[in-house]
Asker: 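The following block contains the structure, expressed as structure tokens.
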Amino acid sequence: MMNSSGVLHKTPMNSSEPKPLVAVIMGSKSDWETIRHASETLARFSVPHESRVLSAHRTPQASTEFASSAKERGLQVIIAAAGGAAHLAGVLAAHTILPVLGVPMESAMLRGMDSLLSTVQMPAGIPVGTLAIGKAGAINAALLAIAILALQRPDLHEKLEAFRKEQAETILNQTL
Ligand code: RP5
């Protein structure tokens, strides 16, 4: 879990908290400012989730161990955010059959095109569902994770319907 000040926790702070269904993994703490929007969206829908830093390159063993045990820990969807040589989502996907949603981070040098291409161009057989670069991708990864959970959870389906309705009404009521 990661608290509001960005401090990372590997496990829920309180053992009475529900087990996380979604993991929000990021390649660096520097990604938090963007990927926190995924965490906030999951929280808005009251979806239990955990957030932590794991790097395909800097912590390769911990990354593969996390993905290999994710399903048995009760996780149902993994969101993976990384920038630059963004191999995190692909590496996690290689070690689990859970759905992995990749969010390319906007990089300083190439504005996220490097992140996008290295996340999206997976070889056939190991899928990563890749979202947009940056904040929109972070929010949509969470919404897609919720939609996946909603296939078995009518309460989440209803919340998604309500969210869409509210979003449309907000736009239609805008004044210029
Ligand atoms: C990637 O390198 C991370 O996902 C991050 O987007 C980027 C830069 O990381 P830092 O150098 O800020 O830790 O692995």
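Reckoned from all heavy atoms, side chains included, excluding hydrogens, waters and symmetry mates. All ligand and atom numbering here is 1-based and tracks the order in the structure. Please read these numbers as outputs of a predicted model, since none were measured by experiment.
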Asker: Say you draw a straight line from CG of Leu54 to CD of Glu65; how long is it, rounded to the nearest 0.5 Å?
Answerer: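 Leu54 CG to Glu65 CD: 10.0 Å, rounded to 0.5 Å.
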Asker: Would you give the length of the straight line joining atom CD of Gln76 to atom CD1 of Ile78, rounded to the nearest 0.5 angstrom?
Answerer: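 Taking CD in Gln76 and CD1 in Ile78, the distance rounds to 11.5 Å.
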Asker: Salt bridge (charged side-chain N to carboxylate O under 4.0 Å, His left out) with Glu166: which residues, sequence neighbours excluded?
Answerer: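 Arg44.
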Asker: Mind checking whether Leu21 and Leu75 sit in one hydrophobic cluster, side chains of I, L, V, M, F, W, Y counted as touching below 4.5 Å?
Answerer: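 No.
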Asker: Under a 4.0 Å heavy-atom cut-off, which residues neighbour ligand 1?
Answerer: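 Heavy-atom contacts below 4.0 Å: Gly27, Ser28, Ser30, Asp31, Arg58, Ala82, Gly83.
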Asker: List the residues meeting ring pair (Phe, Tyr, Trp, His ring centres under 6.0 Å) with Phe66, not counting sequence neighbours, and say none if there are none.
Answerer: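 With neighbours one apart ignored, the set is empty.
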Asker: Under the side-chain contact (heavy atoms from CB on, under 4.5 Å) rule, collect the residues that match up with Ala82, sequence neighbours excluded.
Answerer: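 Only Ala86, Leu88 meet the side-chain contact (heavy atoms from CB on, under 4.5 Å) criterion with Ala82.
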